[in-house]
Q: 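Next up is a structure, given as structure tokens.
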Amino acid sequence: MWLWTSSLNFVLAILQLGFNLLVLIAVASDRRLHTNIHLLSTSLWVCNSITAIVTIFFSLNPSQCLEVPCFQHQQLPKQLVDMKSRSFAELEKFPALTTAILLNSTISLLTLLTIGFVHALARHNYHLSRSQLSRLIGSTWLLVTLLLLSDFFLIRLSRSFVLAVPFHLALLSVFLVLNLIIHPLNLIQLIISQRLNPEENSHTVRLKKDCATASLWLLLNSLSFIIIFMMVAWESKEKDQYNSIMGIEVAAFSVHCVANPLIAVIRDRQLERSLSRIIMRNKRPRTNHEEDLIIALMRDPPPPYTE
């Protein structure tokens, strides 16, 4: 069972890494895609790629992950040993994978929250400049770094995940609730404004489409967040079968890492054209129209000009 789940996770991680890197290259290579939502969504594709790399190593070395626990019980105080024996003990056998999953969820929810606030500002015709957007992205990653440092401090303090995982899940719950408030609110406000003013301009249509895309991303990330809770809850019940169960849950968690860029490509024609140009570049003929014209003129030169 574990071999089957490892193979499934490996295939999904390869697809996840390849597809997210393609979307990143498409956004970076086309200046028409340097819009607010595309630049903000690059954080999603970067963290998906990081999670895919960690999952690939996790799938290739499952036995090593299962044999080396993160911490030893004899070094812990008695109260922490009792708490650890009840829960979070199995998560410490996969420290890199657990950290990657928490990192992915944190960056995803913070990025979606940032996109929601940018859409709320755009509804009031306030558009961020490129420098403001860069500072916003940098602030998001700085906050994620601080959260990870606080997790490592709690792990160092308790010498287990018994404090870090509940702390991080509580923060993720707050981010998820804020997202569930702001994204539906943006969509409702846009629908109300559409009914009051049936004549929509291109900006309003584009904003409503971007809000719907972000809401779909949020829906899939919410399902992944539920899967994280299932991983923690199931781990304390079925210790013997947890290795196989965790492999299945990691595969289910990876679905949103593939589905979110796929939704972005399906709902964005410009991104789809840019991505198809990258994929079909090697299949195009090497000579272009100018080169064909030069070759034709060299083969059949025009007659001399006469008055």
Side-chain angles (χ1 to χ4, degrees), residues 5-6 8-29 37-62 64-65 70 91-115 134 136-152 155 161 164-165 168-169 171-172 175-176 179 214 217-218 220-225 227-228 231-232 246-247 249-265 275:
T5 55
S6 297
L8 178 61
N9 285 325
F10 179 77
V11 173
L12 285 176
I14 293 294
L15 293 175
Q16 174 182 335
L17 180 62
F19 200 44
N20 282 276
L21 287 179
L22 280 175
V23 174
L24 271 174
I25 295 172
V27 173
S29 61
I37 188 171
H38 288 108
L39 293 177
L40 288 171
S41 63
T42 53
S43 297
L44 298 176
W45 320 142
V46 169
C47 71
N48 288 345
S49 301
I50 295 173
T51 307
I53 294 173
V54 176
T55 307
I56 288 173
F57 284 103
F58 165 74
S59 303
L60 292 177
N61 300 302
Q64 183 178 359
C65 293
C70 186
L91 291 177
E92 296 174 7
K93 295 181 179 180
F94 314 94
L97 184 62
T98 303
T99 304
I101 290 175
L102 292 177
L103 174 67
N104 188 294
S105 296
T106 306
I107 294 177
S108 298
L109 291 178
L110 277 176
T111 301
L112 289 172
L113 186 60
T114 305
I115 292 175
S134 301
L136 198 59
I137 296 174
S139 300
T140 301
W141 282 91
L142 179 61
L143 180 58
V144 171
T145 304
L146 293 176
L147 291 177
L148 289 179
L149 289 177
S150 63
D151 287 341
F152 291 143
I155 292 173
F161 285 1
V165 172
H168 208 105
L169 289 180
L171 287 176
L172 291 180
F175 296 152
L176 180 61
N179 273 291
W217 292 344
L218 177 61
L220 292 176
N221 278 276
S222 301
L223 296 177
S224 298
F225 183 71
I227 291 174
I228 295 178
M231 291 170 64
V232 176
M246 184 173 184
E249 289 175 339
V250 169
F253 180 85
S254 301
V255 170
H256 88 274
C257 300
V258 180
N260 278 350
L262 182 61
I263 291 173
V265 173
L275 192 62

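All values below were derived from every heavy atom in this structure, side-chain atoms included, with hydrogens, water molecules and symmetry-related copies excluded.
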Q: Show the nearest heavy-atom pair for residues Ser43 and Trp141, with the distance to one decimal.
A: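 Ser43 and Trp141 have their closest heavy atoms at OG-NE1, 3.1 Å.
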Q: Output the distance between atom CG (Leu275) and atom CD1 (Ile25), rounded to the nearest 0.5 Å.
A: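 These two atoms lie 9.5 Å from each other.
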Q: Closer than 3.5 angstrom, by distance alone: can the side chain of Asn179 be matched with the main-chain N or O of Phe175 as a donor-acceptor pair?
A: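 Checking the backbone N and O of Phe175 against the side chain of Asn179, a donor-acceptor pair under 3.5 Å is found.
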Q: Would you name the heavy atoms of Thr51 and Asn104 that are closest together and state the gap between them?
A: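 So the minimum-distance heavy-atom pair works out to OG1-ND2, 2.9 Å.
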Q: I want to check something: taking the side chain as every heavy atom from C-beta on, are His256 and Leu223 in contact at a cut-off of under 4.5 Å?
A: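 His256 vs Leu223: side chains apart.
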Q: Hey, does the side chain of Thr111 reach the backbone of Ser108 with a donor-acceptor pair shorter than 3.5 angstrom?
A: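 It does not hold such a pair.
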Q: What pair of heavy atoms forms the shortest contact from Trp45 to Ala264, and how long is it?
A: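 Looking at all heavy atoms of both residues, the closest pair is CZ2-CB, 4.1 Å.
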Q: To the closest 0.5 Å, what do you measure between CG (Leu110) and CD1 (Ile115)?
A: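 Here the interatomic distance stands at 11.5 Å.
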Q: What are the two closest heavy atoms between Ala214 and Leu112, and how far apart are they?
A: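 So the minimum-distance heavy-atom pair works out to O-CD2, 4.0 Å.
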Q: Looking only at atom types and distance, does a side-chain atom of Ser105 sit under 3.5 Å from a main-chain N or O of Leu102, one as donor and one as acceptor?
A: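 Side chain of Ser105 to backbone of Leu102: no pair is present.
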Q: If you round to the nearest 0.5 Å, how far is CG of Leu24 from CZ of Phe19?
A: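 So the gap between those two atoms works out to 11.5 Å.
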Q: What pairs with Thr42 under side chain to side chain donor-acceptor pair (under 3.5 Å), at least two apart in sequence or on another chain?
A: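 Checked Thr42 against side chain to side chain donor-acceptor pair (under 3.5 Å); zero matches.
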Q: In Å and rounded to the nearest 0.5 Å, what is the SG to CD1 distance from Cys257 to Ile101?
A: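 Answer for the SG-CD1 pair, Cys257 versus Ile101, is 9.0 Å.
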Q: Determine, stepwise, if the pair Leu220 / Ile263 fulfils side chain to side chain contact (heavy atoms under 4.5 Å, CB included).
A: CA-CA 11 Å; Leu220 292 176; Ile263 291 173; 3.6 Å; yes
Q: Consider side-chain contact (heavy atoms from CB on, under 4.5 Å). Of Leu21, Ile56, Asn48, Val255, which one does Gln16 pass it with?
A: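 It is Asn48; the other options fail the test.
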Q: Kindly determine whether Leu176 and Leu218 satisfy side chain to side chain contact (heavy atoms under 4.5 Å, CB included), including the steps that lead there.
A: CA-CA 9 Å; Leu176 180 61; Leu218 177 61; 4.2 Å; yes
Q: Let me see the working for Val144 and Leu103 under side chain to side chain contact (heavy atoms under 4.5 Å, CB included), right down to the final yes or no.
A: CA-CA 8 Å; Val144 171; Leu103 174 67; 3.5 Å; yes
Q: Hey, what do you get for CG (Leu17) to CG (Leu12), rounding to the nearest 0.5 Å?
A: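 Between Leu17 CG and Leu12 CG, I get 12.5 Å after rounding to 0.5 Å.
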Q: Determine whether a donor-acceptor pair (N or O, by modelled atom type, separation under 3.5 Å) exists between the side chain of Trp217 and the backbone of Asn260.
A: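 Yes, Trp217 side chain to Asn260 backbone: donor-acceptor pair under 3.5 Å.
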Q: Working to the nearest 0.5 angstrom, can you tell me the gap between Ser134 OG and Leu39 CG?
A: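 One gets 7.5 Å once the value is rounded to the nearest 0.5 Å.
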Q: Could you go through Leu113 and Leu109, starting from their C-alpha distance and side-chain angles, then the distance that decides it, and tell me whether this counts as side chain to side chain contact (heavy atoms under 4.5 Å, CB included)?
A: CA-CA 6 Å; Leu113 186 60; Leu109 291 178; over 6 Å; no
